[in-house]
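Nothing here was measured: the structure is a model prediction, and the numbers come from that model.
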Amino acid sequence: MSRRDLSGAVDFSVLDRTTGGDDGVAEEVLGLFVQQAEMWSAMLDTRIEGWRDAVHTIRGAAAGIGAGALAEVCAQAETAEKEVAPARLDHVRDALNAALADVAAWRHELMLRSLKG
């Protein structure tokens with residue numbers, strides 16, 4: 001995976017502005033995003049108490065790296081009525097997977113850049 005594999009799920013210019021263009025900091029932020037996604041995605045189920053907290057946390061993390069579509073579907077899920085919440089969580093999982101694929105491609109690109117020195 002590399003930059004050519006980006007889907008557009010993440011606008012990395014947001015991350016670049018946040019990190020001041022520092023690849024090391026960007027790698028650290030993206031690593032934290034992946035860890036948070038792994039931890040909180042397990043709670044994306046309306047049968048689990050605290051699922052709204054998980055969505056809220058993912059929303060904030062997504063906004064911080066430029067995953068606007070993910071942040072938007074999280075906002076919709078966070079306020080969803082009980083009967084539509086499961087479908088909204090499906091959208092969150094789909095958007096999260098797309099963002100994680102872009103993050104993997106970007107991290108690969110960062111790794112390649114670090115090898116070039």
| remark: Residues at least two apart in sequence or cross-chain that pass salt bridge (charged side-chain N to carboxylate O under 4.0 Å, His left out) with R93, listed by chain then number, are D90
| task | Verify side chain to side chain contact (heavy atoms under 4.5 Å, CB included) between R113 and D23, making sure each step is shown before the conclusion. | result | CA-CA 9 Å; R113 277 195 256 174; D23 287 351; 3.3 Å; yes
| message | Let me confirm one number: the CG-CZ distance from D53 to R59, rounded to the nearest 0.5 Å. | response | 13.0 Å
| Minimum heavy-atom separation for A71 to A63, with atom names? | CB-N, 4.2 Å
| said: Between L44 and I58, is there a side-chain heavy-atom distance shorter than 4.5 Å? | reply: yes
| request: With side chain to side chain contact (heavy atoms under 4.5 Å, CB included) as the test, would you mind laying out the steps for H91 and Q76 before giving the verdict? | output: CA-CA 9 Å; H91 294 298; Q76 293 169 4; over 6 Å; no
| Beyond-backbone contact of L30 with W106, side-chain heavy atoms, under 4.5 angstrom | yes
| query | L96 versus S41: any side-chain heavy-atom pair under 4.5 Å? | reply | yes
| message | I'd like to know if the side chain of D102 reaches the main chain of G8, judged simply by a donor and an acceptor atom lying under 3.5 Å from each other, with no hydrogens or angles considered. | response | yes
| request: Determine whether more than 12 heavy atoms belonging to other residues, nucleotides or ligands lie under 6.0 Å from atom CD of E83. | output: yes
| task | Spell out, yes or no, whether L32 and W40 are grouped together once hydrophobic residues are joined by side-chain heavy atoms under 4.5 Å, including indirect joins. | result | no
| Looking at CG of L112 and CG of L115, how far apart are the two atoms once the value is rounded to the nearest 0.5 Å? | 6.0 Å
| request: Start with the C-alpha gap between V14 and I65, add the side-chain angles, then the distance that decides, and say whether side chain to side chain contact (heavy atoms under 4.5 Å, CB included) holds. | output: CA-CA 6 Å; V14 173; I65 66 163; over 6 Å; no
| field | Considering all heavy atoms, the nearest C74-V55 contact | value | O-CG1, 3.1 Å
| N/O donor-acceptor pair under 3.5 Å between R52 side chain and A80 backbone | yes
| Run the side chain to side chain contact (heavy atoms under 4.5 Å, CB included) check on L89 and T46 step by step: do they pass? | CA-CA 8 Å; L89 289 178; T46 57; 3.6 Å; yes
| query | Do the non-hydrogen side-chain atoms of V103 and F33 ever get within less than 4.5 Å of each other? | reply | yes
